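Written out below as C-alpha cells is the structure these notes cover.
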There are 2 protein chains.
Amino acid sequence: MLHVAEAARVSVATVSAYINGTTTVSQELSARIEQAIREIGYKRNAIARSLKVGTTRTVGLTVPHITNPFFTDVVSVIQQAFDRAGYAVMLCCTDEDLNNQDDQIRLLLDRMVDGLIVARVGDSAFLKETVERANVPVVLLDRECENVDTDRVVLDNHQAVFEAITYLVDLGHKRIGYITGSFDISPMRDRMAGYRAALLAAGLTFDQSLVRSGDLHEADGYTAAMQLLSLHERPTAIFSANNPMVVGAMKAIRDIGLSCPEDISIICFDDFPWADVFHPQLTTIAQPVQAIGEQAAMLLLDRLNGNRDAPSRRLVLKGRLMVRNSCRPLSATTGAATPKIATSLV
Amino acid sequence: MLHVAEAARVSVATVSAYINGTTTVSQELSARIEQAIREIGYKRNAIARSLKVGTTRTVGLTVPHITNPFFTDVVSVIQQAFDRAGYAVMLCCTDEDLNNQDDQIRLLLDRMVDGLIVARVGDSAFLKETVERANVPVVLLDRECENVDTDRVVLDNHQAVFEAITYLVDLGHKRIGYITGSFDISPMRDRMAGYRAALLAAGLTFDQSLVRSGDLHEADGYTAAMQLLSLHERPTAIFSANNPMVVGAMKAIRDIGLSCPEDISIICFDDFPWADVFHPQLTTIAQPVQAIGEQAAMLLLDRLNGNRDAPSRRLVLKGRLMVRNSCRPLSATTGAATPKIATSLV
DNA sequence: TTGTACGCGTTATCAG
DNA sequence: CTGATAACGCGTACAA
C-alpha cells in the first residue's frame, strides 16, 4: 500500500480511504490511485487488515468424517453459503476423536476465526468453555450438547426413527435388529429412543439382544450385522443408525449368503445419491441436508452480522422416510417362520 | 502478551523469547511467565504472528465438487495430512466455474496461505500468473495445466481407460458408448485418447455418434445415456468418464426399461464405497485416492519446508480396473443381435 | 479533501 | 540473559 501511495503521490491514508470508500476521494487522486494499484498489482493484505479490525472473514467448520455422505453434503452446502457471503471456511475432520476436536478448535481460535460450526464429538469441556468464554459465535450441528447455551440446528431424530420403525412394524416385522453408535452423542440416544417408542406403541417388547453398538464405521456395521444374523432367532429386519454402518451390514448380509429384501429388510439413517439406482434400492431416512447446511450458515452469519445478544436459537428439522424397496412384508420374507421353529427347538 | 509481560514483570521480548525458545530464559523469569500465562489464559495470536513472520501455516485447497466421491476422498486425505503437519486448510469448491476459481484463489492469496493445492477447472490465465508471480508454491491435482510449470500429481488416464475399454472389447463388445465431460480439462482428453487407442488396437473403428459430452453432472449423464440408448444401433456397453454421470446413466437405463448388465454393460471412472455392495456391482476404474492425496500434500509440504528451488515435479499414478459384475460378454447380452437387424432395416 | 501519527500483537535486532 | 525498539501492513482519529 505504501508503494501504491508513493506511485500515486498521495498518502497511504488516502489510498485506504479510496479502497474502503470511507470518505470520498477526489476524481484526480482516485484515478492516480487506481492506476498505481493496477501497475503495482497491489492486493490488500487480509492478514494485516484482520489484525487491525479484529475480524478475519473466516469461519471454522469441524465434522467427524467428511466421507460420511451426510457430512459431505452438509459441508458442501455450508461451504457454498459462506463462499457467497465472502467468507473463507477452514475445514477440520475430528475423526470422532475428542482430542482432535479440541486441538482443531484451538487451532481455529488461534487463527481468529470469526465463528465456528461444529458437529461435535464426545462431551468436550473445552467446547463448552469456548462457547462461554471466547467471544466467537458457535453453532452446533447435528449433535446436541445439552449443557451448552448456543445456536444449533438438529434433526428430530426421535420422530424420524419412530416413523421408520413403525413402517417396519406395519409390514409385520416383530424382530427388528438395531445397529447403533455410541450413546455419547445425542442423535444416537434420540434414535434409540425413537426405536423403543415405536416398539412400545406397537405393543412389542424391547429386546436388548437385538441391539448392537459400534463406532459408526463401516467395519462396525459389518460386525454388528454378523452378530445379529447369527442369532438363533434371527431378526427379520435391521435398522442401521448411520450410513457407513449400513454398507458394512450389507456386506455381512452378502457374505453370510442372505439377500435383501428377500431374507431380510433394511432401513438406514441418511440418504445417499445412489440409493435409488442400485439394488436393493435402500429405504432410508433422508435428512434435509440442504436446509440443515443453509440454516446453520444462516444462524452463524446472523451473529456475524452483529446480532450477538439474541438468546440462543434451536432449529429442529424433520427427516423424511424414503420408501424404496429394501423392505418386504414379513409374510413375504424367506424363512420368516424359521425363527419360530428354531426357538421352539431351543 | 503485553498483559502477561506486565503480570510477570518482564518485557514482552522476554515473554516472546520464552514462548518460542529463541533464547534461554532464566528459571525464575520462566516460572513467573508461565504462571502469568496460566492466570491470564493467554493464547498467542496467530494472525499477528503471521503478519510478522510472513507465514500462516494455512494452505488453500480448491476442488470442483466436494460431493464427487473422488474429490471427497482426496480432500479427506489431504485434510488429514495437513492436520498432522499442523496446518489448517481452507477449502473452496469452484463448482466447475472458472470465475469462481479465480475469485477463490484470490481470496486465498489475500489471506496469505502458504501454499495452494488446486484441482483446476478451465484454462485460467490467473492461475498461471499466480504460479509464476505470487511466491506461493502451487500443486496441481488431477487435472493437468500444460503451460504451467509447477508440481502436480495426476493419473495415467490414458492407460486406465485403455485397459477398461480393452476389457470390454475382449468381452466381445464392438459398439461402446462413451460419456465424457468437456475436453478443456486434461483427464477428459486423455481418457478419450485411451478410448480411441483401445478401439484402434482392437481393429475397431471410432464412431463419433457413440460419444456424448456433458458437463460432468448427474443430469448430463442421464441425457447422454438417453441419447445413446435411443440410437437405432444401440451400444451394447457404455463407459462413463466420471462418477456422477454414471449415476445419471444408470437412471436412464432404468427409466428406459433396460437393465444392467443383462441389456447393457457399464464401466465408469472412479470407484465408490458402495460399488461392491449393491447390484449391479459396478466395474470401475479406481484411482489411488489415498496415494494421490498424500503425494499432493507431500509435494506441497516439501516446498513449505524450504525446498523451493527444486525443478517442478510431476507424479503420475496408475488407476486400477475393479472388475465386478456390470459387464457381460456380448453373447450373453440380451438383444445383442437386434442392432444388426435394426441397421439393416434402416 | 488530504496527511500525520498511532496502535493492532508478534518477533527480530541489538545494546546493555 | 534481558529489555527497548523497530518493523509487519493496514485502518482511523485527528489535525490541517
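Residue numbering restarts at 1 for every chain, and letters A, B, ... go by the order of the sequence lines. A quick note: this is a predicted structure, and the numbers were derived from the prediction, not measured.
Along DNA chain C, the nucleotide nearest to B/Ile19 and the one nearest to A/Ala48 differ in position, and the one closer to the 5' end is contacted by A/Ala48. Comparing B/Ser11 and A/Leu2 along DNA chain D, the residue whose closest nucleotide (by nearest heavy atom) sits nearer the 5' end is B/Ser11. Both B/Arg32 and B/Val53 lie close to DNA chain D; mapped to their nearest nucleotides by heavy-atom distance, the more 5′-ward contact belongs to B/Arg32.
Between D/dT12, D/dG3, C/dT2, one nucleotide has an atom nearer to the side chain of A/Thr23 than all others, and that is C/dT2. Checked against C/dT11, C/dG3, C/dA12, the side chain of A/Ala13 finds its nearest nucleotide in C/dG3. When each of D/dT12, C/dG3, C/dT11 is scored by its nearest atom to the side-chain atoms of A/Thr22, the top-ranked nucleotide is D/dT12. Distance from the side chain of A/Leu51 is smallest to C/dC8 among C/dT10, C/dC8, D/dG3.
For the 3.5 Å distance criterion, the side chains of A/Arg111 and B/Thr58 qualify, holding a donor opposite an acceptor. Judged purely by distance below 3.5 Å, without hydrogens or angles, the side chains of A/Asn20 and A/Thr22 never pair a donor atom with an acceptor atom. B/Asn307 and B/Asp302 form a side-chain donor-acceptor contact under 3.5 Å, judged by distance and modelled atom types alone. At a cut-off of 3.5 Å, with distance as the only test, a side-chain donor of B/Ser312 or B/Asp149 sits close to an acceptor on the other residue. A donor-acceptor pair shorter than 3.5 Å can be found between the side chains of B/Asp102 and B/Ser124.
Looking at B/Lys52, its side chain comes within 3.5 Å of the base of D/dA7 through a donor and an acceptor atom.
The interatomic distance linking A/Arg49 (CZ) with D/dG11 (P) rounds to 5 Å, in whole Å. Rounded to an integer number of Å, the gap from CE of B/Met1 to P of C/dA12 is 10 Å. The nearest whole Å value for the distance from the CD atom in A/Glu6 to the P atom in C/dT2 is 18 Å. Whole-Å rounding puts the B/Ile47 CD1 to D/dG11 C1' distance at 16 Å. Summarising the geometry, the separation between CE on B/Met112 and P on D/dG9 is reported as 9 Å, rounded to the nearest angstrom. For the pair A/Arg9 CZ and C/dT2 C1', the interatomic distance rounds to 15 Å; values are reported in whole Å. Distance A/Asn45 CG to D/dG11 C1': 13 Å, rounded to the nearest Å.
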Check step by step if side chain to side chain donor-acceptor pair (under 3.5 Å) holds for B/Thr94 and B/Asn100.
CA-CA 5 Å; B/Thr94 57; B/Asn100 285 345; over 6 Å; no

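Within 4.0 Å (heavy atoms only), B/Val25 reaches sugar-phosphate atoms of the nucleic acid but no base atom. Using a 4.0 Å heavy-atom criterion, one finds that A/Tyr42 contacts the sugar-phosphate atoms exclusively. Counting any heavy atom pair closer than 4.0 Å across all strands shown, B/Leu29 reaches sugar-phosphate atoms only and no base atom. Note on B/Thr24: only backbone sugar-phosphate atoms sit closer than 4.0 angstrom, heavy atoms only; bases stay farther off. Heavy atoms of B/Ser26 sit under 4.0 angstrom from primed sugar atoms or phosphate atoms, though from no base atom. Contacts of B/Ser50 with the nucleic acid, taken as non-hydrogen atoms under 4.0 Å apart, are absent.
Phosphate proximity of D/dG3 to B/Thr14: present, with a side-chain N or O under 4.0 Å from OP1 or OP2. Checking the phosphate oxygens (OP1, OP2) of C/dT11, a side-chain nitrogen or oxygen of B/Asn20 falls inside 4.0 Å.
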